[in-house]
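Worksheet: the structure to be examined is printed underneath.
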Amino acid sequence: MKPVALVTGAAGLIGGYLLRSASRWAPDWEVRGLTRAEVDLTDRPQVQRVWNRYRPDLVIHCAALSRTGLCEQDPALARRINVEATRSLADLAKDVPFIFLSTDQVFDGAKGRYAETDPVHPLNVYGHTKAEAEPLVLENPTHAVVRIALTAGTSPTGDRSFVEDMLRAAAKGTRLTLFTDEFRCPLPAGALVRALWEFGLQRRPGLYHLGGQERLSRWEIGELLAARFPELRSAIQPGSVADYHGPPRPPDLSMRSDKIQALLSFRLPGFRQWIRSDSSVGSDPWDDSASGDR
Ligand SMILES: NC(=O)c1ccc[n+]([C@@H]2O[C@H](COP(=O)([O-])OP(=O)(O)OC[C@H]3O[C@@H](n4cnc5c(N)ncnc54)[C@H](OP(=O)(O)O)[C@@H]3O)[C@@H](O)[C@H]2O)c1
């Protein structure tokens, strides 16, 4: 019998890619995806029943209230899912490796090029809930937290990745102002899940950053995307955070991923490199497994 890996949030962006790529990157595992339709992770008795059914040997916890706007609208709900449900699941998984997906948004973006040793200081509710959940997970010395960066991909619901958001806005005729002074290390979902599988199967505990090799401004990301999706060309315009008036935005959430990189058999790609490579040619430009050098 194969060991069982349980992936929560299986109908979401990253959970979906983990499931689709499992036969390639985790062929010796039986991978089970949990969707909200099967279990509401905030309902402890339901979660216990599902746990008893699968008795997993590894958990990759992707389920979350991941949209920052929804977290601002309902902080209590965000906390129930991102903190409480994570704590319950980590408790159930006390004897097996557990990987919690966190975010670069635990930082305030004042410094940039963040390492795992840098202190957290979130600016929004989403970042606060993730920052609260991280130490709860890490209380167990066999568990891991992986802070991931902005992820490009195609989600089952069509409304989860930033690329989908931009394409939808452009289709509606909305002008998108992309800041030249706000930075991220985006990663295509195909490369992200390959790294997550490789990392997960090594059963390494602790805190890790997982992002693309290149630090790019929102405007640079937009220009790269417009080369691939011409419909974006007339929709995007450059701007500066200095002219933005709204809730605080972390200016530089670039992360250093050297710690996880040292454990991987391939080089994490930069976003520019990915878009220009053969990897990005296909029906889903984010879903090729030949990411980076072997
Ligand atoms: N995508 C990114 O760029 C990015 C960047 C940094 C960190 N992350 C983190 O990575 C993880 C995966 O992100 P993602 O982009 O795949 O998110 P996603 O597309 O929003 O998927 C999250 C999934 O969790 C499910 N879920 C939410 N509440 C639930 C509940 N109470 N019970 C059961 N399922 C529930 C959602 O179901 P519904 O659709 O029904 O709500 C959704 O299918 C998250 O922890 C996110 O915070 C993502």
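Start at 1 and go down the list; that is how both ligands and their atoms are numbered.
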Quick one: table the atom pairs, ligand 1 N or O against protein N or O, below 3.5 Å, distance rounded to 0.1 Å.
| unit_1 | atom_1 | unit_2 | atom_2 | d |
| --- | --- | --- | --- | --- |
| ligand 1 | 3 (O) | Thr151 | N | 2.9 |
| ligand 1 | 16 (O) | Leu13 | N | 3.1 |
| ligand 1 | 16 (O) | Ile14 | N | 2.7 |
| ligand 1 | 17 (O) | Ser66 | OG | 3.4 |
| ligand 1 | 19 (O) | Leu13 | N | 2.8 |
| ligand 1 | 20 (O) | Ser66 | OG | 2.7 |
| ligand 1 | 20 (O) | Arg160 | NH1 | 2.8 |
| ligand 1 | 24 (O) | Ala64 | N | 3.3 |
| ligand 1 | 28 (N) | Arg36 | NH2 | 3.2 |
| ligand 1 | 31 (N) | Asp40 | OD1 | 2.9 |
| ligand 1 | 32 (N) | Leu41 | N | 2.9 |
| ligand 1 | 39 (O) | Arg160 | NH1 | 3.3 |
| ligand 1 | 39 (O) | Arg160 | NH2 | 2.8 |
| ligand 1 | 40 (O) | Arg36 | NE | 2.7 |
| ligand 1 | 41 (O) | Arg36 | NH2 | 2.9 |
| ligand 1 | 43 (O) | Gly12 | N | 3.3 |
| ligand 1 | 45 (O) | Cys62 | O | 3.4 |
| ligand 1 | 45 (O) | Leu101 | O | 3.3 |
| ligand 1 | 45 (O) | Lys130 | NZ | 2.6 |
| ligand 1 | 47 (O) | Tyr126 | OH | 2.5 |
| ligand 1 | 47 (O) | Lys130 | NZ | 3.1 |

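Sorted by first then second residue, the side-chain hydrogen bond (donor to acceptor under 3.5 Å, both in side chains) pairs that include residues 66-78, not counting sequence neighbours, are Arg67-Asp165. Identified under the side-chain hydrogen bond (donor to acceptor under 3.5 Å, both in side chains) test for residues 235-246, with sequence neighbours left out: Arg175-Gln237, Thr177-Gln237, Asp181-Ser240.
Just one of Arg215, Arg184, Arg218 meets the salt bridge (charged side-chain N to carboxylate O under 4.0 Å, His left out) condition when paired with Asp252; it is Arg215.
Every residue meeting the salt bridge (charged side-chain N to carboxylate O under 4.0 Å, His left out) condition with Arg249, not counting sequence neighbours, appears here in chain and number order: Glu182.
At a threshold of 4.5 Å between side-chain heavy atoms, the hydrophobic network of Ile, Leu, Val, Met, Phe, Trp and Tyr places Val96 and Val50 in one connected group.
Residues Phe271 and Trp286 place their aromatic rings such that the two centres sit under 6.0 Å apart.
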